[in-house]
Amino acid sequence: AFFPLQGLPAWLAVLTRLDPAAYAVDAMRRVVLVGSGVPEEAAASLAIPSPFGGPLPVAAEVLILALFSAVMLTLAVRWFGQTD
């Protein structure tokens, strides 16, 4: 979640994009920065880049976190319900 996004080796850039904590931290950072008066463009320059260019929208990051949470909750419920 706290790795720089520029200048990473390719393998680490892929892992950073797969880390759900990176999306949570990025969304919170951008909301706090914009809420404290930092211009949107400056806050967006710190964002996780979208595969289509430009920063990933905060709503997309929240959606990614919701989907990840739903999948993990489903797996946890399924595994917890199994008897040995």
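All values below come from the heavy atoms of this structure, side chains included, with hydrogens, waters and symmetry mates left out. Bear in mind the structure is a predicted one, so any value in this text is a computation, not a measurement.
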**Prompt:** Are Val14 and Leu18 close enough that some pair of their side-chain heavy atoms sits under 4.5 Å apart?
**Reply:** yes

**Fill in**
Taking every heavy atom of Ala27 against every heavy atom of Val58, the minimum-distance pair comes out as CB-CG1, 4.0 Å

**Message:** How close do Leu65 and Ala24 get, counting heavy atoms only, and between which atoms?
**Reply:** CD1-CA, 3.5 Å

**Prompt:** Out of curiosity, Leu33 CG to Met28 CE, how far, rounded to the nearest 0.5 Å?
**Reply:** 12.0 Å

**Asked** Under a 4.5 Å cut-off applied to non-hydrogen side-chain atoms, are Ile64 and Pro20 in contact?
**Response** no

**Prompt:** Say you draw a straight line from CG of Leu46 to CZ of Arg30; how long is it, rounded to the nearest 0.5 Å?
**Reply:** 9.0 Å

**Asked** Should Tyr23 and Val62 count as side-chain neighbours, where that means a heavy-atom distance under 4.5 Å?
**Response** no

**Message:** Does any part of the side chain of Val77, heavy atoms only, come nearer than 4.5 Å to the side chain of Leu73, both counted from C-beta?
**Reply:** yes

**Request:** For side chain to side chain contact (heavy atoms under 4.5 Å, CB included), just list the numbers for Asp19 and Leu15, CA-CA rounded to whole Å, side-chain angles, deciding distance to a tenth of an Å, and then say yes or no.
**Result:** CA-CA 6 Å; Asp19 181 15; Leu15 290 179; over 6 Å; no

